[in-house]
Each structure stands twice: as C-alpha cells, then as structure tokens.
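Heads up, the thing below is written out as structure tokens.
In this text the structure is predicted, and so the values were computed from the model without any measurement. We name chains A, B, ... by the order of the sequence lines, and we start the count at 1 in each one.
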Amino acid sequence: MDAKYEFQAIEKKWRAYWEEHPVNVYDDKKPRYYCLDMFPYPSGSGLHVGHWRGYVLSDVISRYKVLQGYQVLHPMGWDAFGLPAENYAIKTNTHPEVSTRANIANVKRQLHEISAIYDWDREINTTDKAYYKWTQWIFARMFEKGLAYEKEMPLNWCPSCKCVLANEEATNGVCERCGATVTKKNLRQWMLRITHYAERLLNDLDKLNWPEKVKKMQSDWIGKSYGAEVDFKIKDTDKAITVYTTRPDTLYGATFMVLSPEHALVKEIATEEQKQAVEDYCFQASTKSSVDRMTDKEKTGVFTGRYGINPLSGDLAPIWVSDYVLADYGTGAIMCVPAHDERDFAFAKKFDLPIVPVILPEGEEDKELTEAYTGDGKMVNSPLFEGMTAFEAKKKAPLILEEKGLGKKTVNYKLRDWVFSRQRYWGEPIPLVHCPHCGTVVVPDDQLPVELPMVESYQPTDTGESPLAAMEDWVNTTCPKCGGPAKRETNTMPQWAGSSWYFLRYTDPHNDKELASPEALEQWAPVDMYVGGIEHAVLHLLYARFYTKFLYDIGVVPFDEPFTTLFNQGMINKNGSKMSKSKGNVVSPDELVAKYGCDSLRMYELFVGPPEVDSEWDDSGIDGVFRYLNKVWKLVYTYKDQPVEATKKSEFIRNKMIKDITTRLNALTMNTVVSGFMESTSEMIDLAKEQQGIDRASLETLLILLAPFTPHIAEELWQDMGHEGSVFAAGWPEWDEAKLVLDEIVIPLQINGKARENISISKDAAKEEVLAKAKEALASRLEGKTIVKEIYVPGKIVNFVVK
RNA sequence: GCGGGUGUGGCGGAAUGGCAGACGCACCAGACUCAAAAUCUGGCGAGGGCGACCUCGUGUGGGUUCAAGUCCCACCACCCGCACCA
C-alpha cells in the first residue's frame, strides 16, 4: 500500500484474510465469553444504520474479548417465521420460504459489510426443519408436564393480523405488531402456564445484571400484590361471593360490592326485577372494545337487586355489576370501600352509595370527605383493628381474618398465562393430534418435526381458523396412540417460540439428537452479554426466561437464567422518528460504506452518542471520523520507519491512552472511547512533530487499541509496521500507573471559588510551598484583601477565601 | 393518574463536588493554491472593555458547601413505561 488511506482495497484485503484466518479461535485452553445480538427478522427492506449500532457494539465487545485472550462465541441467525413473509406470500403468491431465503441472502450480504466476527458455521434459522423440530420438542415436553393446556375464553383478537394475541402483544389495547385496535373474541386456544413461574421470574430478576428499567418493566408486568380473600354471604341465598382485596384493613368500610360482568354468579343472583337490566348491561360490556373498557374512566354499572353481608360489620352491601372490575384478576369480584379507594369513591358518588370512613388522617379528624383517602391514619369504626394505624392493620388483617375463619391471606399476580396458538400459516405447527378416542395426543419425538405442508392459500380467515385447517390431506392423520383416524392441530406457534431458546442452539447448532448437548451448554451458556433494543423488555426477554427455567426444571439446561448481562442500545432516529420505509427516513449503510469505508462507519456509529440513548442520525458527522482515520494513517506512515526512543512524555501519553480507552470500554461508554482516541492521537501527533519522530511502542499500542473498533485499518498498519499475522494476536495492553505520574503538575488557583491562574509545581511540593507560590502568582489580585481561609486539595486545587 | 428518565453553545455531546463546554460537526479567519477541493494553523457560550481583564452562564426558584451541571428541597418542560390489577 502507498501512503494514501485506500480503505476500499484495505477492507477487501482483510475480509479475505479473516476468511482464511479467523480472528476468533476456539481453544479450550482459553476462557470463554458468549456475546450475542438479538437475532434479526430478515425483512425485505434490509438493514439501516440503526441496525448497525447494536451489531457494531457487540462486535467491538467480542473483538476486545479476543484481544484479552478469550475464545468468543459470537453467532448470528434468523428469526424467520412471522407475518411479513406470510403477507408477502398472500400478495404475490410466493411461498414464504422463497421470499425468506431471498431476504436472508440480502441481509446477510449487508451484515458482511459490518465485518463482525460472526461464526457463520453456527448460523441458525428458526424456519429450518432441523431447528423447529426442537421448538416443537420443547412444546411437547411442556404439554407432558401440563404446562400447555387448551382453554376457551375471550381473547385479544387483532382484526388486521387475523389472529389472537398474547397479553404482552396487546398492551394499551393495540396490536404490538401492526398497531390495529384489538377486539375481544371468544376462542378456544392453547395456553402456556407461564404464571406457574411468576414467583421465580420475579425473584430471579435480582441476580441479573440488566438495566434497572427492564427489570422494573418485568416486575411491574408480573405485578405481584399481597392481600386477602374474603367471603361475603349473599342475603336470602345459600351462596357467597369471594372477593380479593389488598386493603383488608378497610373491611369495615366496605359498603357495597361489584362483580365483573363476566362473573359466574351475575346471572344467577340477579333478582327478577333487575334481571333484564343486568343482562342488558352485561351484553353491552361484552361488545365494548377492550380499549374503551380500559380508557373509559366514567363509571357505569347496574344493581343486581341482591345484598352481600359484610362479615365484620354485618351491614348489608348492595351487589352491583360494573365493567371496571376485571374478570380475570383476583376473583373477578371486589368489596368496595369508597372512603379509601378512588375508583370505589367515584362509583359511590355516581350511584349514591354510602361512604363510611374507617381511617382518620392525622390531624384532620373532622374534615368532610371530598375524595378517597388512601394514606395512613388511625383506624376507626373497626373494632377488630382498634388502636392500630391503617398500615399496621393492613399488614395484620389477613392473618386476623384467617384466624377468625373469615378469609385467607392471598397473593395475586397480574401476569396471565401465555396465549400461545396463532391462526396463521408461517409458524411452527403445534405437534398435537386430536383423536376421538384418546383425546389430545402429543406427536412422538421420533415423528418430529411436524412439517409445515405446502398450501394453496395463505389467506387467514376471520373465524379463528388457521389456513392449515383447509389442508385436508395434512389435517387427517392417524392417532399416534391408537392408530385410528385423527386430526392434526391446525394452529401454529407465535413468532416468540423460536426466539425463546435460540441462544441455546448456537452452542451446538448441528446436533440432531438433542436441542444442544449438556457439554456444549455447560461450555458456553448462559449468554454473558446480550445486546438488543428495549422493545423486547416484556416480550422476548420474559418468554426466553420462562423457557430457560422450564428447560432447567426438566434437566435439559444447567442454568435457570439465559442472559447474565443485558445491554439495550438506543434507537437511531432520523428527523425525530424511528427509521422506517413508510416514513421514507431510512439511511442505508451501503452508500456510507462505499464512501467512507466500514471502519469509519463502525466508529461513527459509536460516536453519535451514548450507546444506550436514542440518537438522531446526521450524515455529516462521519466526516470527522473519516478525517481521524486519515490522521492515524498519516501518523503511522510518517513515523513508522524513523522511530525514536520512548520518552517520559511519550510514555505518559501512551499509558494514559491505554487507561482511558480501557476504562471507558469496560464501562461501554463508547462515544467517549472515540473521543479518547481522537484526543490521544492528537497528542501523539503533536509530540511526534515536536521531537521529530515517535517510538514504535506508541504507534503499536494505538493500533492494538483501535483494532476492535476499526479492525481493517488496524490490521493493515500493523502489517505495514512489519508484523507477521494479525493484530488480534497482539494481546490487549496494560497501563503502568507509575508512568502517569508527572514531575510537574498544574494546579488551578481560585479566589472565592473563581478560577484565576494556574501554577506549575513539583508533584512532591509541600503544602506551604504550594500556598506560597499561589500567593505569589495571585499577588496583584490579593492586594488590599484579607485571606480568611486557605483551601488546598493536594494535586487538585487551591482556593483562597478573601474579604 | 402512577412509576422511571432527561434538560449543558448553532448542533451531537464531555465533565470521581474542584478551571463548564473535552471530542466531533457546522461556521469564521489565516497558511498552501492561479483558483477550488483536500490538508495545516488559529478562533468559535453571552455581554462589557483599546487592553491586561471583568461580569453573567448547565430548564426555573431556593438551599448546603471554601467550591455545585454534579448534593438537598420545591417547581416547569419534554420523553419513555404502566394504566380501573381492587
């Protein structure tokens, strides 16, 4: 190479070299590190500069680990089942397999442009039969353990995707994927008992090195609460209603009750006079969209005509029906304490129901209630809790009620079981057969995978039937148990199924006997560093934890948390919003790579801002990084053949650079790593000019440190300096703290906290000497003033307080 | 409504309680050039002063401290998450 930075030729050359001589070498004598990107959906529109951000970050970490002497598992694959391919199939009548293959080829080409050290021998694709065989195998185990069950219930239905959604996919009443308003549909679906793992999913968050935000989102989603279940007998019947409350301390103030419209007793207990009104109300509630039901804060409701008996006060509590009570939380029925609950208060006001305070706020004994009081205070009108504060009573009440046989201590979770089946074609078939004699039978392992058949039409239906249901040849099969005629389950799995365990498969991707061997799992997993966007905080990340815990319980994996450390990279926006084809604000990396090279784009991706923060993309900034790499090139080329001896100053700069880059890299503050490089390199250039050359160690150290970030130019210059082989064999340098101590240090001087002068003093100067020198330097400013106080922080600062 | 986060030049952003604005972009001036580009050198928060310098300045208002972007209290704005979970 000549003295010009010809990035295109250099990058091509080293990419070819790495094909033959991989940077990362598996060697069991080395410690292991597993660094994983959330694998992409191979979309037709390809990658944009936002995708690069996470991939560059994880590659820098991986290459850094290689330099530190680790063997690194850094794989890549495809989360390839899913609706876009299927919708494309409907539009063009191309089989999803075909379009998926084409998309993968394109995205893979784009990924190669990043020059990440992915091990493509371990590439996986969730739509490969050899892969989804094990996705089905895991489901079969869950079925056997009773964790998969079928249930008919009102479910979230996306009218646009024409399939059911899990709770996690329908937050805010909107489809997570397409944004359509979700409706309710009564359907029989396969569910996974993720709720059995609620407690462990919550508790084990503590052992994870994850962003607090994500842990909080998961614990909020799991939503554990402590309270009590209390029975209210229904007057004039032999029935009782069980309510769940987190405020059993307020039980004496329960003046009415509300059942959810779906509660089993509603129709049974409604009196003759009220029956029609109740039925009308329940019908209306059932047609209300889930969004309206969530967002309509205006209370509605209807009286059933019946009364419950407050088990403590013996007072009658009218029983109402209202849609503000959710059917599937707690018992679907509540006791209402309007004096101390905002929602109950609003309901009581609207329907003119009695309000009885049982907690007195401190010092406001006689104040009339204009809103619910939810704070602490003295218990009143509550013989059982006499003399307690509300907070005490809240803690003790469940046990007191339990002793009296009036209720029991209860814990509740917001987490619901996972609605697992989908009425679409492009997913893993659920490996079950419905036999008229044997019931639902799981497909035996030796018949897995249940392959997706070729269909005529991918068109989903509005009825909740999968397109597979029309495939009679496929649907009709024989029962694995009795051999008689039987029908296949026609629903498929959600896209989350394949991604809930893929990180395990990378450890042993070609194993056809097991999803991965215990040895391979033991060797590599769990994932040390997992890099991806925050959008999966309660979806993929929760499901993957659930799967891992299940596989741990059945002895398939030797750990019960899949991702030790999680890093959420920020999004890259353009014109203030997320890049998307429809907004027309997509910046493609392809042109930038062509114009500036992969190294420049890699470094710029890290330079745009703190990696965990969203950033606005600005093309012009990459010029700065490109100029920087040209300076590095010129520096090395100018001085590599005329080295001088290392000096105190060059050693200071070199060691400071190692320290700065290493500590910032360890903290993952990559934007400041890049500025550190720029600063250190400028110092080296200035010094080289000053002393007519620079020592080899300085240049070599710079190249090694740069290697994880800008590997091509680092390799090229490393070679040009006369080295055989890769810079990645050089090992990560260490700094010598002793070299960072300068004989002369600069101390800023302040008067009344304001910076005035700087003095240069010996590092060993005594306090008296420093202060004397400071006074001398500040003499003219101190004239006529009295020094009231002298502050000297050794090596840091001098401050005189004067009058 | 509840919970979490953020607020610093024209812009992206730096700052273990110790010289605010590192590093970069944009911009301005100078050098090189016939000229331009590239490159190099310097400047670049606001106001005042011929000048050495001075005053103000990190969303707002208070406080702690010799010293506050950083700590404490109150408030404002924006962003994110959850949202009738009893």
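Results of the ring pair (Phe, Tyr, Trp, His ring centres under 6.0 Å) test with A:Y604 over A:Y596, A:W52, A:W617 single out A:W617 as the only residue that passes.
Among residues two or more places apart in sequence or in another chain, the side chain to side chain contact (heavy atoms under 4.5 Å, CB included) test is passed with A:E229 by A:T242, A:Y244, A:T331, A:K408, A:T410. Partners of A:Y413 under the side-chain hydrogen bond (donor to acceptor under 3.5 Å, both in side chains) rule, at least two apart in sequence or in another chain, are A:E199. Contacts of A:R627 classified as side chain to side chain contact (heavy atoms under 4.5 Å, CB included), with partners at least two apart in sequence or in another chain: A:D623. With sequence neighbours excluded, the residues forming a ring-ring contact (aromatic ring centres under 6.0 Å, His included) with A:Y197 are A:F546, listed by chain and number.
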Pick out the pairs of N or O atoms, protein on one side and nucleotides 13-18 of chain B on the other, that lie under 3.5 Å.
unit_1: B:G13; atom_1: O3'; unit_2: A:N671; atom_2: ND2; d: 3.4
unit_1: B:A14; atom_1: OP1; unit_2: A:N671; atom_2: ND2; d: 3.0
unit_1: B:U16; atom_1: O4; unit_2: A:K796; atom_2: NZ; d: 2.5
unit_1: B:G18; atom_1: N2; unit_2: A:Q750; atom_2: OE1; d: 3.3

Mind listing the N/O atom pairs, protein and nucleotides 39-45 of chain B, below 3.5 Å?
none

Could you list the protein-to-nucleotides 27-33 of chain B atom pairs, N/O on both sides, closer than 3.5 Å?
none

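Stem list for RNA chain B (at least 3 consecutive Watson-Crick or G-U pairs, distances under 3.5 Å): B:1-7 with B:76-82, B:10-12 with B:23-25, B:27-31 with B:39-43, B:45-48 with B:53-56, B:59-63 with B:71-75.
Of the residues in residues 770-779 of chain A, not one places a heavy atom less than 4.0 Å from an atom of RNA chain B.
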Checklist entry - Which nucleotides of nucleotides 53-58 of chain B have their base under 4.0 Å from a protein heavy atom (B), which only their sugar-phosphate (S), and which neither (-), written as one string 5' to 3'? => result SSSS--
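Counting only residues at least two apart or on different chains, the salt bridge (charged side-chain N to carboxylate O under 4.0 Å, His left out) pairs with a member in residues 786-801 of chain A are A:K775-A:E790.
Neither OP1 nor OP2 of B:G24 sits under 4.0 Å from any side-chain N or O of A:Y628. Put simply, A:K216 has no side-chain N or O that comes within less than 4.0 Å of OP1 or OP2 on B:G4.
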Output a table of donor-acceptor pairs, distance under 3.5 Å, between side-chain atoms of residues 246-254 of chain A and any protein atom two or more places apart or on a different chain; print 'none' if there are none.
unit_1: A:R247; atom_1: NE; unit_2: A:D249; atom_2: OD1; d: 3.1
unit_1: A:R247; atom_1: NE; unit_2: A:D249; atom_2: OD2; d: 3.3
unit_1: A:R247; atom_1: NH2; unit_2: A:D249; atom_2: OD2; d: 2.9
unit_1: A:T250; atom_1: OG1; unit_2: A:R247; atom_2: O; d: 2.7
unit_1: A:Y252; atom_1: OH; unit_2: A:L384; atom_2: N; d: 3.2

